[in-house]
Amino acid sequence: MPKDTDEDRPYPMTPDDTVYEFPNLTGLTLVTLGNPYTKLTVSMVTAHRRLPNMTILGAETYEEAAAMVMDPDQPGDLLLMCCLYPKSSAIWADMKMTKLFEDLAPPFVYGQFGEGDPYYIAVHPAAERFAAGCPTPTVFEYVNSNERAPETAKRLHQELGRTSGFITAEFVGSHVAPDQVVKYVSKTDMLPFALLVPR
């Protein structure tokens, strides 16, 4: 992992840091991007930090999460979505916002498998804004979540023999591919999140 400063790393992930902001939502089922057990997406970490009094389910994409809330036969009551997700217009068309809030987002890192400039960079569309701090790839390979970026870069490197980079949250990079992380491409930041229900 690259060296960092205290300013780069204040991304708490402890039970003591839990914020019980929405007590009136106790007992409802929340669906968001990621796996509720590994907690390797920013949305899933936010769900557990800010809404621990809810049942939290995960989905592979925000679109799948929204479908779980829209379908009356599925268990989801609310969708938690990062407002910076660039493909969200279809979701906003079918759902309405009940709450808007900000949560602390981790620093993001760039890492790569192989030497030299990357041919590919695996990145979630919401994290592409950090690409300016990375080498310029020939191709951006879009993934469903930040959790998938390192494994996709590794697979591309192994299967195609080309240097492949990834952009992901620092806590994902340090957990999944710590030896491949090259540098920080952002500092901690506040991200807007919305709680959505069907129209």
Could you list the donor-acceptor pairs under 3.5 angstrom formed between side-chain atoms of residues 30-38 and any protein atom two or more places apart in sequence or on another chain?
from: T32; atom 1: OG1; to: L80; atom 2: O; distance (Å): 2.7
from: N35; atom 1: OD1; to: Y37; atom 2: N; distance (Å): 2.7
from: N35; atom 1: OD1; to: T38; atom 2: N; distance (Å): 3.4
from: T38; atom 1: OG1; to: E147; atom 2: OE2; distance (Å): 3.4

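- Hydrophobic cluster membership is shared by V45 and L195, with clusters built from Ile, Leu, Val, Met, Phe, Trp and Tyr side chains linked at under 4.5 angstrom.
- To the nearest 0.5 Å, atom CE of residue M95 and atom CG of residue L196 are 5.5 Å apart.
- Paired with Y119 under the rule side chain to side chain contact (heavy atoms under 4.5 Å, CB included), one option of L156, V139, T163 passes, and it is V139.
- In this structure, D94 and M70 have side chains that are in contact, with non-hydrogen atoms separated by less than 4.5 Å.
- Side chains of E64 and Y62: no donor on one and acceptor on the other come within 3.5 Å.
- Note on E63 versus K87: no salt bridge recorded, every NZ/NE/NH1/NH2 to OD/OE distance being 4.0 Å or above.
- Between F193 and F101, the two ring planes are parallel [angle under 30°; tilted spans 30° to 60°].
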Between T168 and N146, does the side-chain hydrogen bond (donor to acceptor under 3.5 Å, both in side chains) criterion hold? Intermediate values first, please.
CA-CA 5 Å; T168 193; N146 291 312; 4.6 Å; no
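- When each of L57, L79, T29 is checked for a side chain to side chain contact (heavy atoms under 4.5 Å, CB included) with M68, only L57 meets the rule.
- Residues H175 and V172 form no side-chain contact, since every pair of their non-hydrogen atoms from C-beta on lies 4.5 Å or further apart.
- Checked for salt-bridge contact, E151 and R148 meet the test: a charged N lies under 4.0 Å from a carboxylate O.
- If you take OH on Y110 and CD1 on I167, they are separated by 8.0 Å, rounding to the nearest 0.5 Å.
- Taking the six-membered ring where the residue is Trp, the centroids of Y85 and H124 are separated by under 6.0 Å.
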Using side-chain contact (heavy atoms from CB on, under 4.5 Å), reason through L160 and Y120 one step at a time and then give a plain yes or no.
CA-CA 10 Å; L160 305 175; Y120 298 100; 3.2 Å; yes
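- S164 has its side chain out of reach of P118: every pair of non-hydrogen atoms, C-beta onward, lies at least 4.5 Å apart.
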